[in-house]
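This report concerns only the one structure given below.
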Amino acid sequence: MKCICILSFLLALVAVNGETYTTENDDFDIEAAVADLDTLKSMVACVLDTGVCNDVIGNFKKDVPEAVETACIKCTQAQKHIFHVFLLALKNKLPKEYEAFNKKYDSEGKHFAALEAAVANS
């Protein structure tokens, strides 16, 4: 029985290991986006479902729930960097929205610390 559990875990790890989210927006200039407070607010409104999404942010938004839950395991290095810069800007510039983001995507507080650690060095 123990062998079956280990084998199942390894197979799941192999299946996820080679899979990443779409890379079409990996060149997104997140630094410029978060430097402009109106753009940052627009991005936040999109991910919090309080505003309209553009194509780029809408594309990222669809992966946010899974990325939070899995500590960004399917993120490319570029996506980890984007997530890291976004979270830092959100935390520093819009702390209430940061808390709302955290609550929306990790209401039980189980995953957010692991996510932040996973993207911290990107």
Given the rule that I, L, V, M, F, W and Y join up when any side-chain heavy atoms are under 4.5 Å apart, are [X] and [Y] in one cluster?
X   : Y   : result
V68 : L88 : no
Y21 : F83 : no
I73 : F86 : no

What is the distance from atom [atom1] of [X] to atom [atom2] of [Y], rounded to the nearest 0.5 Å?
X    : Y    : atom1 : atom2 : answer
I30  : F60  : CD1   : CZ    : 7.5 Å
L94  : M43  : CG    : CE    : 10.5 Å
E97  : N102 : CD    : CG    : 13.0 Å
K61  : N54  : NZ    : CG    : 11.5 Å
N121 : H81  : CG    : NE2   : 12.5 Å
N25  : D55  : CG    : CG    : 8.5 Å

- [ ] Output all residues satisfying salt bridge (Lys or Arg N to Asp or Glu O under 4.0 Å) with K104, sequence neighbours left out; order by chain, then residue number.
- [x]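 For K104 the salt bridge (Lys or Arg N to Asp or Glu O under 4.0 Å) partners, ignoring immediate neighbours, are D49.
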Task: Side-chain donor/acceptor of S42 to backbone N/O of D38, under 3.5 Å - done: no
TODO: Begin with the C-alpha distance, continue with both residues' side-chain angles, and end with the deciding distance and a verdict on side-chain contact (heavy atoms from CB on, under 4.5 Å) for V44 and F101.
DONE: CA-CA 8 Å; V44 173; F101 180 87; over 6 Å; no
TODO: Begin with the C-alpha distance, continue with both residues' side-chain angles, and end with the deciding distance and a verdict on side-chain contact (heavy atoms from CB on, under 4.5 Å) for L115 and L87.
DONE: CA-CA 10 Å; L115 168 70; L87 290 174; 4.1 Å; yes
- [ ] Report yes if the side chains of I57 and F28 come closer than 4.5 Å at any heavy-atom pair, otherwise no.
- [x]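 I57 reaches F28 side chain to side chain.
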Open item on the list: Please list all pairs meeting side-chain hydrogen bond (donor to acceptor under 3.5 Å, both in side chains) that have one or both residues in residues 85-96, counting only residues at least two apart or in different chains.
Closed with: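 As it turns out, there is no side-chain hydrogen bond (donor to acceptor under 3.5 Å, both in side chains) pair with a partner in residues 85-96 once direct neighbours are skipped.
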Open item on the list: Under the side-chain hydrogen bond (donor to acceptor under 3.5 Å, both in side chains) definition, can you give me all pairs with a residue in residues 105-116, not counting sequence neighbours?
Closed with: Y98-E116, E108-K110
Which residues satisfy the side-chain hydrogen bond (donor to acceptor under 3.5 Å, both in side chains) test with [X], sequence neighbours excluded?
X   : result
E69 : none
D26 : T76, Q79
T39 : D36

Task: Nearest non-hydrogen partners of A67 and C75, listed with the distance - done: CB-SG, 4.2 Å
- [ ] Provide the closest heavy-atom pair for S122 versus K80 in the form atom of the first, atom of the second, distance.
- [x] OG-CB, 3.2 Å
Open item on the list: So for atom NZ, which belongs to K62, do other residues, nucleotides or ligands contribute more than 12 heavy atoms lying within a distance under 6.0 Å?
Closed with: yes
